[in-house]
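Please read these numbers as outputs of a predicted model, since none were measured by experiment. Hydrogens, waters and symmetry mates are skipped; everything else that's a heavy atom, side chains included, is used.
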Amino acid sequence: MVLVLYANMYSFVFLQLLTLYVLSCSVPGFLAGNDNSKDYCIIGAGPGGLQMGYFLERAKRDYVIFERANTSGAFFIRYPRHRKLISINKRHTGKTNKEFNLRHDWNSLLSDDESLQMRHYSKEFFPPADDYVRYLRDYAKNLELNIQYNTNIGNIQRVAKETDGNVTHHFTMDDQSGNGYTCRYLIICTGISTPNDPDFLGSEHTDSYDDMSLDTDDYEGQSVLILGRGNSAFETADHIVGSTNLIHMISRSRLRLAWETHYVGDLRAINNGLLDTYMLKSLDGQLEGDVADMMIIKRSDGKLVLGVPFDRDALSELRRDLENGNISSVNISERFNVDEMTVDTLDFGLPDNFALRDPYDRIIRCLGFKFDFDIFNSKSCNVTAGQGRKKKFPAIKANYESLKVPGLFFAGTNTHSLDFRKSAGGFIHGFRYTARALHNILEWRNHKVPWPSVRQPITELLNHIIKRINEASGTYQMFGVLGDVIILANDDTEYIYLEEYPLKMLHAIPGITGYSANRILVVSLEYGYDFSGPGKDVFRRNRAIGEPSEAHLSNFLHPVIYFYKELPSIEAMRLIAKHPGAVLPEPVKVHHMVEDFLTDFSAPVSHVLVLRRFLESCIEQDLRNFFDNQCFWMALTHSSPPESCKTFFLKGQRLPPYFELQGSLTREQYFGEEETIKREMEAQRHREADPIDELKPDVRNVGFGFEEHSEL
């Protein structure tokens with residue numbers, strides 16, 4: 001009896017422990033150690049959330065990523081519907097520099113793991129979406145990111161807490177099972193994943209991009225109208241064009257081509273096949289019109305008729321009647337007698353040559369996506385939308401913080417309101433860098449870790465800039481948004497180099513980075529003013545500039561260097577925000593480096609020489625390097641030798657003369673005795689004629705076998 005009792009007791013304990021184990025593995029909200037409180041909570045394990053998680057993991061911060069699906073990158077399991085990405089996967093560039101190669105890899109996230117590059121997952125230039133899902137899963141697994149799956153977060157609130165008279169705030173949230181979580185800082189990385197379905201009459205008769213059939217046989221011999229003209233709309237058209245009678249597309253704004261606007265969110269060439277069939281008059285067509293002003297009526301034979309009533313008041317009355325249940329779509333069909341309509345559209349008050357007068361077999365909504373604001377408790381966490389075309393994004397400040405909710409930050413596509421239709425912040429190859437910028441901001445704000453930097457003697461500045469503009473990917477992808485900031489320090493004898501800093505926060509460098517700043521240089525990559533835009537002829541014959549003296553007229557992406565003697569004021573930054581074509585407030589000096597067909601800004605004269613002279617004019621110093629014998633003569637004949645001589649020669653660091661580098665020859669052996677005397681006499685005459693012109697190239701180099709290299 002006792003043995004049976006003990007056996008039953010142990011069985012009960014075992015079952016209890018087994019239950020706890022299962023709960024810890026499967027029930028959302030059951031975190032390790034039953035700890036539902038973190039410093040950082042990231043919502044969403046898509047590319048943006050994974051990228052933020054990587055930076056927090058590497059910094060050993062207390063964080064968790066909540067993902068409502070059972071895997072990372074769940075958006076790409078369903079989208080794009082036709083399973084082909086439009087982000088390029090250029091596997092070969094002819095270079096081995098990883099940073100440079102990221103300029104042409106639009107899919108890989110940043111990490112220290114060389115195996116986590118998209119080129120290892122697909123050989124296709126436009127990779128299949130399924131390959132990207134596999135990549136994101138490996139990224140999360142290999143980097144051991146702390147992700148809690150099957151957790152659908154909602155009811156996010158900002159809560160105040162008073163301790164010893166000090167008021168602090170934190171965030172609370174719940175999952176689908178009622179489990180609660182708290183965190184000090186919240187980062188939203190949910191993307192723009194909610195289908196945009198505007199309200200218009202008859203929308204129930206349409207298919208959506210989200211649920212349309214992918215079987216091309218279903219469109220065989222049909223006439224199709226597509227609402228929208230973005231990449232999803234054209235992707236859909238390209239998929240079914242071989243089966244249809246015709247495809248018409250309609251949108252409220254004019255068509256925007258990515259190669260015209262230099263904005264990757266506009267229509268890409270890979271999807272624009274229907275433009276050929278439109279312009280070459282093969283039945284397909286493009287029109288402008290607002291869906292909100294239309295109504296779609298289904299005839300008894302199943303055909304769909306499009307109407308655009310001229311009487312807006314009548315349209316509003318119809319909407320009210322529908323909402324109040326006074327009429328139905330059947331009543332509307334009877335009111336407009338659509339069964340008898342073929343070409344005659346006078347019942348709608350439209351002309352008899354109305355472009356969309358023929359009925360359609362299918363109408364498909366491809367109207368894009370928007371941010372999901374429903375996850376927030378609007379009473380305590382009032383996250384507002386952007387204005388105008390940016391209303392599909394949350395309204396945020398230049399430091400990626402919510403406009404109205406302190407401590408709430410955004411990363412990934414969510415932040416695209418800051419550079420919408422200007423740069424690449426809404427796409428992986430752009431927001432992987434804005435996520436890093438946000439991480440650097442949070443590191444100083446919350447942990448007093450300064451922005452990553454390099455401090456160098458001023459003599460290294462020219463080479464540093466040349467290296468960055470020819471290799472850096474962050475400033476290349478986020479042109480005009482992220483830039484390198486150079487803080488001149490120690491009476492301009494040193495500099496502090498900050499990479500990929502948000503240019504809209506230029507006035508706030510000390511508070512963002514932890515470095516005091518006054519005199520600064522800013523390196524930005526920019527397209528020419530007024531070069532891009534819908535309808536612009538970007539292929540015109542004189543589209544490129546090759547003359548350095550006309551570099552300010554460059555159209556293609558090129559470096560622009562700004563010099564400020566003091567940081568711009570916040571008023572100046574606010575004023576410049578009202579001018580879409582401007583990047584920064586007016587500087588003391590600005591220098592454009594001439595555009596280059598190869599995007600290689602290292603030409604000795606056209607790029608390096610003119611940049612050096614600009615930098616010298618800013619810091620009022622000679623930035624050239626000299627041999628030790630040149631430094632010796634200038635130390636004797638000049639009140640202040642060049643900085644390179646001060647930094648190296650006068651501190652005992654010696655660079656041999658040019659002729660010694662040719663085989664340890666003496667000057668007389670290299671030039672000959674007579675030529676040596678002649679060169680020394682000529683150098684003496686120059687010194688006597690112009691002894692203090694420290695920036696004139698031939699003053700200090702004549703007579704030392706260095707004339708042909710004096711400008712390098």
Side-chain angles (χ1 to χ4, degrees), residues 75-76 78-89 106 124-129 132 192-193 195-198 206-216 218-219 222-291 306 355-356 360-370 389 392 413 416 420-421 424 426-427 532-536 538:
F75 178 86
F76 293 95
R78 185 167 183 80
Y79 304 106
R81 293 297 313 283
H82 308 289
R83 312 313 294 146
K84 180 71 71 173
L85 300 179
I86 59 174
S87 46
I88 66 174
N89 178 38
W106 291 10
E124 296 188 42
F125 191 66
F126 294 107
Y132 198 59
I192 308 297
S193 57
N196 180 33
D197 292 322
T206 65
D207 300 327
S208 73
Y209 175 75
D210 186 61
D211 59 18
M212 64 171 286
S213 171
L214 300 182
D215 186 351
T216 56
D218 291 342
Y219 303 90
Q222 294 191 348
S223 298
V224 177
L225 174 66
I226 296 178
L227 306 180
R229 280 197 313 213
N231 279 294
S232 62
F234 274 89
E235 165 204 330
T236 299
D238 276 2
H239 182 71
I240 64 175
V241 67
S243 301
T244 58
N245 296 330
L246 58 83
I247 298 176
H248 290 164
M249 305 181 75
I250 188 169
S251 176
R252 64 183 177 183
S253 58
R254 65 156 294 159
L255 191 64
R256 296 172 60 92
L257 302 173
W259 44 263
E260 282 183 337
T261 63
H262 293 108
Y263 174 61
V264 297
D266 288 333
L267 179 60
R268 302 286 301 286
I270 185 178
N271 286 330
N272 67 14
L274 210 74
L275 295 184
D276 269 6
T277 56
Y278 170 44
M279 285 299 177
L280 299 179
K281 299 307 295 177
S282 186
L283 296 181
D284 302 323
Q286 308 280 321
L287 285 169
E288 285 76 39
D290 194 341
V291 173
L306 185 70
L356 303 178
Y360 295 95
D361 297 289
R362 288 178 185 266
I363 298 179
I364 305 174
R365 305 187 314 274
C366 298
L367 300 171
F369 298 87
K370 61 184 179 180
R389 294 293 177 87
K392 60 183 177 181
T413 306
H416 197 30
F420 182 58
R421 288 186 172 170
F427 311 92
S532 308
K536 297 286 185 181
V538 293

For this session: Tell me, please, which residues at least two apart from R362 pass salt bridge (charged side-chain N to carboxylate O under 4.0 Å, His left out).
Result: D207
For this session: Could you check I250, I247, T206 and say which one makes a side chain to side chain contact (heavy atoms under 4.5 Å, CB included) with I226?
Result: I247
Seminar exercise, completed: Here the pair of heavy atoms bringing P80 nearest to A129 is CD-CB, 4.1 Å
Exercise. N196 and K392: side chain to side chain contact (heavy atoms under 4.5 Å, CB included), yes or no, with the steps?
Worked result: CA-CA 9 Å; N196 180 33; K392 60 183 177 181; over 6 Å; no
Exercise. From Q286 CD over to S251 OG, what is the distance, rounded to the nearest 0.5 angstrom?
Worked result: 9.5 Å
Exercise. Do side-chain atoms of E260 reach the backbone of G535 as a donor and acceptor pair under 3.5 angstrom?
Worked result: yes
Problem set entry | Minimum heavy-atom distance between N231 and V264, given as atom pair plus value | ND2-O, 4.4 Å
Exercise. Is any side-chain heavy atom of L255 closer than 4.5 Å to a side-chain heavy atom of L267?
Worked result: yes
Exercise. Could you go step by step and tell me if W106 and L85 meet the side chain to side chain contact (heavy atoms under 4.5 Å, CB included) rule?
Worked result: CA-CA 10 Å; W106 291 10; L85 300 179; over 6 Å; no
Seminar exercise, completed: Closest non-hydrogen atoms of A233 and G228, given as atom of the first, atom of the second and distance, are CB-O, 3.2 Å
Exercise. Where does the angle between the aromatic ring planes of H416 and Y263 fall among parallel (under 30°), tilted (30 to 60°) and perpendicular (over 60°)?
Worked result: parallel
For this session: First locate atom NE2 of H248, then atom CG of L356, and finally report the distance between them rounded to the nearest 0.5 Å.
Result: 7.0 Å
For this session: Might you point out which heavy atoms bring S213 and D218 nearest each other, and give the distance in Å?
Result: OG-OD2, 2.5 Å
Exercise. Would a 4.5 Å heavy-atom cut-off, applied to side chains only, mark T413 and F75 as touching?
Worked result: no
For this session: Return each pair, listed once, that meets side chain to side chain donor-acceptor pair (under 3.5 Å) where at least one residue sits in residues 272-283; pairs must be two or more places apart or across chains.
Result: T277-D284
Seminar exercise, completed: Here the pair of heavy atoms bringing P195 nearest to S193 is CD-O, 3.5 Å
For this session: Determine whether R365 and D197 make a side-chain contact, defined as any pair of heavy atoms from C-beta on separated by less than 4.5 Å.
Result: yes
For this session: State plainly whether the residues E124 and K84 are in salt-bridge range, i.e. N to O under 4.0 Å.
Result: yes
Exercise. Got F126 and N89 here, is their nearest side-chain heavy-atom distance under 4.5 Å?
Worked result: no
Exercise. For S208, does its backbone N or O pair with a side-chain atom of D211 as donor and acceptor, under 3.5 Å?
Worked result: yes
Exercise. Are any non-hydrogen side-chain atoms of C366 and F234 less than 4.5 angstrom apart?
Worked result: no
For this session: Would you indicate whether the side-chain heavy atoms of R83 and P128 approach each other to under 4.5 Å?
Result: no
Exercise. Side chain to side chain contact (heavy atoms under 4.5 Å, CB included) between N245 and L283: does it pass, once the steps are laid out?
Worked result: CA-CA 8 Å; N245 296 330; L283 296 181; 5.8 Å; no
Problem set entry | Heavy-atom side-chain proximity of L214 to R81 below 4.5 angstrom | yes
For this session: Return the set of residues passing ring-ring contact (aromatic ring centres under 6.0 Å, His included) with H239 (not counting sequence neighbours), or none when no residue passes.
Result: H82
Exercise. In Å and rounded to the nearest 0.5 Å, what is the OG1 to CZ distance from T261 to R256?
Worked result: 5.5 Å
For this session: Check D290 against R252 and note the closest heavy-atom contact, atom names and distance.
Result: CA-CB, 4.0 Å
Problem set entry | Side chains of L246 and V224 in contact at under 4.5 Å (non-hydrogen atoms) | no
For this session: Before giving the answer on side chain to side chain contact (heavy atoms under 4.5 Å, CB included), spell out for R229 and L274 the whole-Å C-alpha distance, their side-chain angles and the decisive distance to 0.1 Å.
Result: CA-CA 11 Å; R229 280 197 313 213; L274 210 74; over 6 Å; no
For this session: Rounded to the nearest 0.5 Å, what's the gap from CG on L225 to CD1 on I363? Could you check?
Result: 5.0 Å
For this session: Output the distance between atom CZ (R268) and atom CG (L257), rounded to the nearest 0.5 Å.
Result: 12.0 Å
